[in-house]
Amino acid sequence: MNLGGAEACRRCGAPPTAEAALDRRRTRIFDHAGLAAALSVFLPGLGQLYAGRVRRAATIIAAPLAIGFLLFALLSLVSPLVAALLRVAVGVAATVVALLAVYHGAVVLDAFAAPSTRGRLLAGKRPIEYAALAGSFAVLAVLYVTLFRQATAWASLTAKVFEPFQQSGGSSGPAWSGTDRLNVLLLGVDTRQGSGTQTENTDTIIVLTVDPLNHAAGMLSVPRDTLVSIPGHGQDKINAAYAIGGADLARKTVSQFLGVPIQSYALVDFIGFRRIIEAVDGVDIDAPLPVRDEDYPTEDFGVTRLDIRAGPQLMDGEVALRYSRSRHDTNDFSRADRQQRVISALKRRISERSTLLQLPTLVDELSGAVRTDLDPSSALPLVRLGLSIDNKDIDRQVLKPASGGEEGQLREDNSPNGYYLIPIRAAVDALVAQVFYDPQVRAESAMVEIRAPSARSSTADELRGDLERRHYSIARVTAAQAQARTTVILRNPDKRYTAEQLARALGTTVSTQGGGDSDADVVAILGDDFRGVATGP
């Protein structure tokens with residue numbers, strides 16, 4: 001009887017059939033258990049696919065992806081769960097890496113023991129196949145030891161950064177949608193030890209705003225001596241809010257003062273800020289003016305001399321910190337501008353380098369450098385968006401008194417009761433409206449024509465400047481007959497949002513009748529009742 005797998009018929013010695021030769025070739029094709037194992041090291045399931053087990057390969061690839069997606073969705077929806085996991089972040093990271101290592105090792109063994117390879121399960125393979133298996137596990141060991149170190153370091157850093165979110169139990173606010181404007185209060189905290197006590201002053205108060213719709217951002221600095229109303233505590237300097245009630249009260253105070261929602265806050269320790277700059281090998285600053293300070297405060301409550309030249313230069317962490325904090329040579333307003341320059345330079349430096357990958361190795365040094373109550377699920381999209389925004393698309397503004405012919409938003413009051421900066425409400429509201437403009441109005445980019453009687457041409461020109469600061473697209477200013485009421489006419493139905501917001505700002509309603517033969521999307525006709533644009537963003 002002929003045997004299909006024999007080299008020749010045992011009875012007659014006839015050569016094997018063509019079918020038997022094909023079977024041997026098929027055996028040789030899949031006679032690489034070591035290669036199957038190595039392929040599954042590269043991508044779990046790839047070795048199974050090589051061995052012809054398509055269904056098992058699909059299951060191996062899809063299972064962890066499905067589990068990961070479900071966990072991500074769960075964590076995104078249940079903020080208290082995220083807050084609880086942050087408390088044991090290092091343990092969670094170690095456990096996840098260990099489970100992945102076990103799963104990956106089992107997949108590699110399964111690929112090696114495929115029925116379509118020579119031998120039976122793990123036995124009967126050639127020596128070279130076992131050598132390949134050993135090499136595969138060596139690669140896995142290196143891979144997961146490295147992953148373990150990185151994951152636990154990132155977990156430790158994440159737990160420290162999001163400590164306020166963790167302490168709130170995940171109730172600090174809803175996760176960012178990724179499409180709406182996000183406002184974050186940045187507080188620069190000066191923490192120094194001395195005489196057995198610790199002092200914490202918020203010398204830096206900046207509201208960072210991000211507009212994902214138009215891929216733009218803004219920074220508005222508020223001087224620490226600005227006189228504001230602190231909820232539940234009466235009027236005081238704005239930096240007193242943090243001393244009285246911490247970051248939450250500071251956020252509420254700034255939000256109420258500016259009239260804009262502030263969803264989250266971030267505390268930046270000056271010493272940690274210096275270390276972050278050192279971690280990126282310094283920042284490039286083009287200083288417009290020199291900074292000279294004979295009494296710059298040191299960490300031990302002493303003073304030192306500071307002399308920083310004007311012009312482009314690479315500043316290390318210490319110089320950048322001193323450049324940001326010095327105020328004796330100039331004032332809080334120029335200091336605020338310098339702080340924004342350093343933040344912009346740091347953003348640019350991080351976006352140009354793979355700096356984020358280095359941060360976990362600096363966990364101990366960066367401990368406490370940044371703390372925020374932002375939902376962790378929003379952090380990565382926010383960082384990615386922030387780094388992708390060009391510096392020219394960041395509007396940097398500072399509330400300050402009038403100087404050099406420029407209008408100001410604050411008035412200095414140096415009385416026996418102390419030094420205060422008194423807000424000029426209308427001017428503050430105008431600058432706030434510029435920085436925190438309506439993103440949808442800017443995105444819609446409707447062409448607006450302003451019409452006014454010749455006697456009110458100057459008023460129309462002022463309105464044009466005000467609306468352009470709010471990112472309305474003004475096509476032209478033209479003359480019109482006098483009329484009693486201000487009118488906003490919508491000529492392009494696709495631009496209704498802009499028309500409605502403009503009507504709201506001008507204190508009127510939208511009409512679809514009139515406008516003559518104008519090619520503008522929206523026409524605004526100023527009437528005798530026009531008294532200016534409504535305050536607020």
Side-chain angles (χ1 to χ4, degrees), residues 181 209 211 213-214 216 218 220 258-260 395 397 399-400 402-411 423-537:
R181 178 185 288 280
T209 181
D211 170 14
L213 196 59
N214 297 284
L220 178 62
L258 297 178
V260 298
D395 186 13
Q397 299 292 338
L399 292 178
K400 56 188 176 183
S403 64
E406 293 185 5
E407 295 183 357
Q409 302 80 32
L410 306 172
R411 176 175 55 83
I424 303 172
R425 194 67 253 177
V428 170
D429 290 340
L431 187 59
V432 168
Q434 173 183 329
V435 177
F436 302 92
Y437 58 84
D438 188 323
Q440 192 167 337
V441 167
R442 180 175 177 177
E444 200 168 76
S445 193
M447 299 308 297
V448 178
E449 178 181 340
I450 300 175
R451 295 181 181 178
S454 57
R456 306 197 69 180
S457 59
S458 60
T459 300
D461 289 336
E462 290 178 3
L463 175 61
R464 175 176 191 159
D466 194 356
L467 292 179
E468 286 180 338
R469 284 193 295 272
R470 299 173 185 233
H471 289 278
Y472 282 83
S473 299
I474 308 302
R476 65 187 71 88
V477 176
T478 58
Q481 296 294 324
Q483 61 182 47
R485 291 185 57 81
T486 298
T487 305
V488 172
I489 302 171
L490 173 64
R491 296 187 54 78
N492 183 349
D494 294 333
K495 309 295 183 178
R496 175 169 289 277
Y497 183 85
T498 297
E500 291 175 346
Q501 296 308 306
L502 179 58
R504 175 175 171 270
L506 300 184
T508 185
T509 56
V510 177
S511 171
T512 57
Q513 303 298 320
D517 58 353
S518 175
D519 60 352
D521 299 311
V522 179
V523 177
I525 306 176
L526 302 188
D528 296 335
D529 63 340
F530 178 70
R531 295 294 181 270
V533 179
T535 60

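Residue numbers start at 1 and run along the sequence shown. Side chains are part of it too, since the values below use all heavy atoms of this structure and drop only hydrogens, waters and symmetry mates. Nothing here was measured: the structure is a model prediction, and the numbers come from that model.
Panel note: side chain R181, backbone L213; no donor-acceptor pair is recorded below 3.5 Å. Checking side-chain atoms of R470 against main-chain N and O of V441 turns up no donor-acceptor pair under 3.5 Å. Between the side chain of R491 and the backbone N or O of G514, at least one donor-acceptor pair lies under 3.5 Å. Without hydrogens or angle criteria, S511 side chain to I489 main chain gives no donor-acceptor distance under 3.5 Å.
Within 6.0 Å of NZ in K495 there are more than 12 heavy atoms belonging to other residues, nucleotides or ligands. Crowding of E468 atom CD: a count of heavy atoms from other residues, nucleotides or ligands under 6.0 Å exceeding 12.
Annotation: the span from D438 atom CG to N214 atom CG amounts to 9.5 Å, rounded to 0.5 Å.
Taking 4.5 Å as the limit, every side-chain heavy atom of T508 sits out of range of all side-chain heavy atoms of D529. A 4.5 Å side-chain heavy-atom check between L506 and V533 finds at least one atom pair inside the cut-off. K400 has its side chain within reach of E406: a pair of non-hydrogen atoms, C-beta onward, lies under 4.5 Å apart.
Applying the side chain to side chain contact (heavy atoms under 4.5 Å, CB included) test to A427 and every residue at least two apart in sequence or in another chain returns Q409, I424.
Counting only residues at least two apart or on different chains, the salt bridge (Lys or Arg N to Asp or Glu O under 4.0 Å) pairs with a member in residues 444-453 are E449-R451, E449-R476.
Between E500 and R504 no salt bridge is recorded (no basic side-chain N to carboxylate O distance below 4.0 Å).
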